[in-house]
Enquirer: 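Please see the structure below; I have some questions.
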Amino acid sequence: MIFIRVIILRLRRLRVLIPVFITLLLLVAALDRVADARHDNAVNTLSRALAGRLVVVDPGHGGVDPGAVGKDNVLEKDIVLQVARRLTVYLRQGGARVVMTREGDSDLADPEITGLYKRKKQDLARRVALANSLSADAMISIHVNSFNNPGERGIQIFTRSGDPASLLLARSIQSEMNRLIKTSGRAPLYGNYYIISKTKVPAVIVETGFISNPAEYTLLQNPDYQSKLAWCLYAGIVNYFAGKSTPDKPEN
């Protein structure tokens, strides 16, 4: 009998606490929305820093090179092209000039070149040459990650060693990704990748998530999430040009 009374008492307490808990959750969500709106307004205010800037947006892979391949033949090259297109819209609306290295499912290699290795070599060289010849103010190369451990997740920015401007750009974008998409608090990493090591302009590689992670595999195909990724990239670029980034030491 005493046991039943205890259960009834606890149920009554829960009946009182549940509405309070729900109210708190709604309040936190509302505060988050207000904070996000204020942040977006601040980014839009700073977007004047984009005026006259030339940004090269590089959707990785394309054509015969699919990049990382997820289950059901979901391809990196298709995902990054969608993110790149959305980023281009944001940047142009903000006043920047934008050149995309590819606007469709193609690479930059000559049609007569056969063999994936040879095509990839010329393709990468031409992407770098494009950014250098334009003396771009920044180059953003967009990719999707993959790993043999499906538990690996998060957005990772790579930059080159010895270039403070590229480091500032990487840190600015990483900060936006970590804040808005709640990743695991990653920091920019130094990487010896052709696309960033051979460019003479500030350049970063943005790995927008792991196609090998079940949750991120689903998100990366979602148009709303792709737009969110593009907005984070945009906000990071805006903050970089507005001078709001500060140096930080990347992980090795």
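The first residue of the sequence shown is numbered 1, and numbering continues consecutively from there.
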Enquirer: Check whether any side-chain N or O of Glu216 sits under 3.5 Å from a backbone N or O of Ser212 as a donor-acceptor pair, and report yes or no.
Expert: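 No; judged by distance alone, with no hydrogens or angles, the pair does not exist.
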Enquirer: Is any side-chain heavy atom of Ile196 closer than 4.5 Å to one of Thr159?
Expert: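 Contact flag for Thr159/Ile196 side chains = no.
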Enquirer: Determine whether a donor-acceptor pair (N or O, by modelled atom type, separation under 3.5 Å) exists between the side chain of Glu76 and the backbone of Val144.
Expert: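 Yes; at least one donor-acceptor contact below 3.5 Å.
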Enquirer: Taking atom OG of Ser175 and atom CZ of Arg186, what is their separation to the nearest 0.5 Å?
Expert: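 Answer for the OG-CZ pair, Ser175 versus Arg186, is 15.5 Å.
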Enquirer: Output yes when a side-chain donor or acceptor of Gln122 lies under 3.5 Å from a complementary backbone atom of Tyr117, and no otherwise.
Expert: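 Between the backbone of Tyr117 and the side chain of Gln122 there is no qualifying donor-acceptor contact (under 3.5 Å).
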Enquirer: Check Ile79, Leu220, Val69 against Val74 for a side chain to side chain contact (heavy atoms under 4.5 Å, CB included) and give me the one that passes.
Expert: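 The passing option is Ile79.
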Enquirer: Give me the atom names and distance for the closest heavy-atom approach of Ala68 to Ser146.
Expert: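 The pair with the smallest heavy-atom distance is CB-CB, 4.0 Å.
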Enquirer: Short question: side chain of Asn145, backbone of Ile211 - any donor-acceptor pair under 3.5 Å?
Expert: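 No, the answer is negative, given that no donor and acceptor are paired below the 3.5 Å cut-off.
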Enquirer: Once you round to the nearest 0.5 Å, how far does CG of Asn132 lie from NZ of Lys200?
Expert: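 Going from CG on Asn132 over to NZ on Lys200, the span is 5.5 Å.
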Enquirer: Could you list all the ring pair (Phe, Tyr, Trp, His ring centres under 6.0 Å) pairs where at least one residue sits in residues 139-172, not counting sequence neighbours?
Expert: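 Ring pair (Phe, Tyr, Trp, His ring centres under 6.0 Å) check on residues 139-172 returns His61-His143, Phe158-Tyr193.
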Enquirer: For the pair Leu81 and Met100, evaluate side-chain contact (heavy atoms from CB on, under 4.5 Å) and give the outcome as yes or no after the intermediate values.
Expert: CA-CA 10 Å; Leu81 181 59; Met100 294 180 66; 4.1 Å; yes
Enquirer: Is any side-chain heavy atom of Tyr240 closer than 4.5 Å to one of Pro202?
Expert: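 Yes, at least one pair of side-chain atoms sits under 4.5 Å.
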Enquirer: When you check the gap from the basic side-chain N to the acidic O, do Asp107 and Arg102 get nearer than 4.0 Å?
Expert: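 No salt bridge links Asp107 with Arg102.
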Enquirer: Do Ile157 and Leu91 sit in the same hydrophobic cluster, where Ile, Leu, Val, Met, Phe, Trp and Tyr count as joined when their side-chain heavy atoms come under 4.5 Å apart?
Expert: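 Same cluster: Ile157 reaches Leu91 through Ile, Leu, Val, Met, Phe, Trp or Tyr contacts under 4.5 Å.
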Enquirer: Taking C-beta and beyond as the side chain, do Thr101 and Val57 meet within less than 4.5 Å on heavy atoms?
Expert: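 Result no, sub-4.5 Å side-chain heavy-atom pair not found.
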Enquirer: Please name the pair of heavy atoms, one in Val55 and one in Phe241, separated by the smallest distance, quoted to 0.1 Å.
Expert: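 Distance-wise, the nearest heavy atoms are CG2-CE1, 4.1 Å.
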Enquirer: Any side-chain donor paired with an acceptor under 3.5 Å for Thr199 and Arg160?
Expert: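 On atom types as modelled, these side chains qualify, holding a pair under 3.5 Å.
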Enquirer: Is it true that a side-chain atom of Gln174 and a backbone atom of Ile155 form a donor plus acceptor pair closer than 3.5 Å?
Expert: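 Yes, the answer is positive, given that a donor and an acceptor are paired below the 3.5 Å cut-off.
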Enquirer: Consider only side-chain N and O atoms of Asn222 and Gln226, and report whether a donor and an acceptor are under 3.5 Å apart.
Expert: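 No donor-acceptor contact under 3.5 Å links the two side chains.
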Enquirer: Side chains of Asp137 and Val201, heavy atoms from C-beta outward: is any pair under 4.5 Å?
Expert: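 Side chain of Asp137 against side chain of Val201, heavy atoms only: no contact under 4.5 Å found.
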Enquirer: Does Lys120 reach the side chain of Leu124, with side-chain heavy atoms less than 4.5 Å apart?
Expert: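 Counting from C-beta outward, Lys120 and Leu124 do come under 4.5 Å.
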Enquirer: Any side-chain heavy atom of Val238 within less than 4.5 Å of one from Leu50?
Expert: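 SC-SC contact between Val238 and Leu50 confirmed.
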Enquirer: Can you find a heavy atom in the side chain of Val98 that is under 4.5 Å from one in the side chain of Val56?
Expert: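 The answer is no, as the side chains (C-beta and beyond) never meet within the 4.5 Å cut-off.
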Enquirer: Do Leu233 and Val83 have side-chain heavy atoms sitting under 4.5 Å apart?
Expert: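 They are in contact (side-chain heavy atoms under 4.5 Å apart), so the answer is yes.
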Enquirer: Check Asp110 with Arg126, please: is the shortest side-chain N to carboxylate O separation under 4.0 Å?
Expert: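 So Arg126 pairs with Asp110 through a salt bridge.
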Enquirer: Is it true that Arg127 and Asp123 make a salt bridge, defined as a side-chain N closer than 4.0 Å to a carboxylate O?
Expert: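 Counted as a salt bridge, because a side-chain N and a carboxylate O are separated by less than 4.0 Å.
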Enquirer: Counting distance only, does the side-chain N/O of Ser172 pair as donor-acceptor with the main-chain N or O of Gly236 below 3.5 Å?
Expert: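 Indeed, once roles are kept as given, a pair shorter than 3.5 Å links the two residues.
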Enquirer: Does Asp105 have any side chain to side chain donor-acceptor pair (under 3.5 Å) partners at least two apart in sequence or in another chain, and if so, which?
Expert: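 Side chain to side chain donor-acceptor pair (under 3.5 Å) list for Asp105, sorted by chain: Lys77.
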Enquirer: If you look at every heavy atom in Ala215 and Arg153, which pair is closest and at what distance?
Expert: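 Heavy-atom minimum between the residues: CB-NH1, 4.3 Å.
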Enquirer: Between Asn213 and Glu152, do the side chains contain an N or O donor and an N or O acceptor separated by less than 3.5 Å?
Expert: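 There is no such pair (donor and acceptor under 3.5 Å, judged by atom type) between the side chains of Asn213 and Glu152.
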